[in-house]
Amino acid sequence: MKILLTGSNGQVGFELAKKLNTLGQVIATDRAILNLANSEAVRQFIDQTKPDIIINPAAYTSVDKAESEPELAHQINVTATKVLTEKAIELDIPFIHFSTDYVFDGLKKEAYVELDLTNPQSVYGKTKYEGEEKARHHSKHIILRTSWVFGSHGNNFLKTILQLIQDKDSLNIVGDQTGSPTSTSTLTEVTLKIVDTIFKDKNFNDYGIYHVANEGETNWHRYASFIASEAIQLGLAVKCEPSHIHSILTSSYPTAAKRPLNSRLNTGKLKKTFMLELPQWESEVKKVLREII
Ligand SMILES: NC(=O)c1ccc[n+]([C@@H]2O[C@H](COP(=O)([O-])OP(=O)(O)OC[C@H]3O[C@@H](n4cnc5c(N)ncnc54)[C@H](OP(=O)(O)O)[C@@H]3O)[C@@H](O)[C@H]2O)c1
């Protein structure tokens, strides 16, 4: 089986590139090998490589920058997804695509289920939603919506906090946005299970949208405090003790892009369909901290 993977230098793509080879031959592509901004090059690459499945974790992910670069965000998150979808339809192969909690407005009180109405509030969220719509043209699509991604490779909140607690005496972190940090390791395990199921079960017909997140929920302030406490336990010398990490409101921390206050994703459909258990976010954070400290 030939697996075409995009964005193999991103957080999720990097982890997938390491693990997917247990299931087949991985054609791992980064921007230099396969530039998603060049639709014709993408079509040609797929014609030449003839994959059996396409997995697309690549995306324009600079949430705030997208507000001033909407065309570029659209090119990667919408147009490139359309091109990949069309090719997957033409070859009649499954297409696994990643999306985000930012397709929701965050006003719901409970965790979001797959059928909840979307209402993206930012350019990034809108382009990710439009990308979902493109992928859904293919009957063999899996869309994995996830939230607050972290891992040892690439940039993320966990690594930013690790740096900040070494550099600053105190921190102000938003405490009124709720969600579930999700590790690249969990996302990779889930993707592997889905790919394996699709290829083993000849009658597989559970295509569609799935929410994936680690178990449990928190807010950015509690998450930052947890990272700091664990890092200290692992021996990291810090200037900023957890007690000096203060909780502030979203309204007092203006950003170019609006974030949902509630990012919680209900993962019941995924766990039931693929008979999966998802780890708690805290144990995943501890694992990554042990890798990088
Ligand atoms: N990060 C989060 O917290 C989060 C939350 C919810 C959902 N998601 C979704 O999860 C998926 C994976 O996210 P991630 O955190 O792994 O993102 P990431 O670390 O930002 O990686 C995205 C990758 O896409 C690549 N890319 C961007 N433009 C490209 C182009 N023109 N051609 C080829 N590759 C291009 C980037 O390449 P370069 O390395 O060359 O820039 C990067 O390697 C995305 O669909 C994202 O929307 C992420």
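Numbers here simply count residues along the sequence, with the first being 1. Values in this document were obtained by computation on a predicted structure and should not be read as measured data. Start at 1 and go down the list; that is how both ligands and their atoms are numbered.
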Practice problem: Kindly work out whether a path of hydrophobic side-chain contacts (I/L/V/M/F/W/Y, heavy atoms less than 4.5 Å apart) joins Val113 to Phe104. | Solution: no
Quiz prompt | Short N-O contact, Glu86 and Lys82, less than 4.0 angstrom | solution = yes
Practice problem: Answer with yes or no whether Ser99 contacts ligand 1, where contact means a heavy atom under 4.0 Å from a ligand atom. | Solution: yes
Exercise. Could you tell me whether some N/O pair between Val12 and ligand 1 is separated by less than 3.5 angstrom?
Key: yes
Exercise. Using a strict cut-off of less than 4.0 Å between a Lys/Arg side-chain nitrogen and an Asp/Glu carboxylate oxygen, indicate whether Arg136 and Glu133 qualify as a salt bridge.
Key: no
Quiz item: At under 4.0 Å between heavy atoms, which part of Ala80 makes contact with ligand 1: side chain, backbone, both or neither?
Solution: neither
Quiz item: Which atoms of ligand 1 are found less than 4.0 Å from any heavy atom of Ala37?
Solution: 31 (N)
Exercise. Give yes or no for whether the N/O distance cutoff of 3.5 Å, strictly under, is met between Leu36 and ligand 1.
Key: yes
Self-check item: Note: Arg145-Asp101 ion pair, threshold 4.0 Å (strictly below)
Solution: no
Quiz item: Quick one: which of Val63, Thr61, Asn56, Asn9 has a heavy atom closest to atom 20 (O) of ligand 1?
Solution: Thr61
Exercise. Name the closest protein heavy atom to atom 11 (C) of ligand 1, giving the residue it belongs to and the distance to 0.1 Å.
Key: Pro57 O, 3.4 Å
Quiz item: For the side-chain contact (heavy atoms from CB on, under 4.5 Å) test, which of Leu20, Thr6, Leu144 pairs with Ile55?
Solution: Leu20
Practice problem: Please work out whether any backbone atom (N, CA, C, O) or any side-chain heavy atom from C-beta onward of Leu34 is under 4.0 Å from ligand 1, and answer side chain, backbone, both or neither. | Solution: backbone
Quiz item: Is there at least one pair of N or O atoms, one from Asn35 and one from ligand 1, spaced under 3.5 Å apart?
Solution: yes
Quiz prompt | Close N or O approach (Ile76, ligand 1; < 3.5 Å) | solution = no
Exercise. Begin with the C-alpha distance, continue with both residues' side-chain angles, and end with the deciding distance and a verdict on ring pair (Phe, Tyr, Trp, His ring centres under 6.0 Å) for Trp148 and Trp281.
Key: CA-CA 10 Å; Trp148 298 18; Trp281 70 265; 8.7 Å; no
Quiz prompt | Side-chain ion pair, Asp64 and Arg259, N-O less than 4.0 Å | solution = yes
Quiz item: How are the rings of Tyr207 and Phe204 set relative to one another: parallel (under 30°), tilted (30 to 60°) or perpendicular (over 60°)?
Solution: perpendicular
Practice problem: Just jot down the ligand 1 atoms closer than 4.0 angstrom to any heavy atom of Trp148, in number order. | Solution: 3 (O), 5 (C)
Quiz item: Can Lys19 and Glu15 be counted as an ion pair, charged N to O under 4.0 angstrom?
Solution: yes
Quiz item: Among Glu215, Glu277, His211, which one satisfies side-chain hydrogen bond (donor to acceptor under 3.5 Å, both in side chains) with Lys271?
Solution: Glu215
Quiz item: Who's the nearest protein heavy-atom neighbour of atom 22 (C) of ligand 1, and how far?
Solution: Ala59 O, 3.7 Å
Quiz item: Are any of the heavy atoms in Tyr124 under 4.0 Å away from ligand 1?
Solution: yes
Quiz item: Measuring from the heavy atoms of Tyr60, does anything fall under 4.0 Å of ligand 1?
Solution: no
Self-check item: Protein heavy-atom partner closest to atom 40 (O) of ligand 1 - residue, atom, separation in Å
Solution: Arg31 NE, 2.9 Å
Quiz item: Does any N/O atom on Thr146 come nearer than 3.5 Å to any N/O atom on ligand 1?
Solution: no
Quiz item: Does the pair Asp167/Lys239 count as a salt bridge with the N-to-O cut at 4.0 Å?
Solution: no
Exercise. Taking only Lys NZ, Arg NE, NH1 and NH2, and the carboxylate oxygens of Asp or Glu, determine whether Arg222 and Glu282 approach each other closer than 4.0 Å.
Key: no
Self-check item: Close approach of Gly154 to ligand 1, heavy atoms, under 4.0 angstrom
Solution: no
Quiz item: Just which atoms of ligand 1 are under 4.0 Å from any heavy atom in Phe98?
Solution: 10 (O), 11 (C), 45 (O)
Practice problem: Could you tell me whether Asp30 and ligand 1 have an N or O pair separated by under 3.5 Å? | Solution: no
Quiz item: What residue and heavy atom of the protein are closest to atom 4 (C) of ligand 1, and at what distance?
Solution: Val149 CG2, 3.4 Å
Quiz item: Who's the nearest protein heavy-atom neighbour of atom 42 (C) of ligand 1, and how far?
Solution: Gly10 CA, 3.8 Å
Quiz prompt | Under-4.0 Å salt bridge between Arg264 and Glu217 | solution = yes
Quiz item: Is there a nitrogen or oxygen of Lys128 sitting under 3.5 Å from a nitrogen or oxygen of ligand 1?
Solution: yes
Quiz item: Can we say Asp47 and Lys87 salt-bridge, meaning some charged N sits less than 4.0 Å from an Asp/Glu carboxylate O?
Solution: yes
Practice problem: Using distance alone, determine whether Gln11 and ligand 1 share an N or O pair under 3.5 Å. | Solution: yes
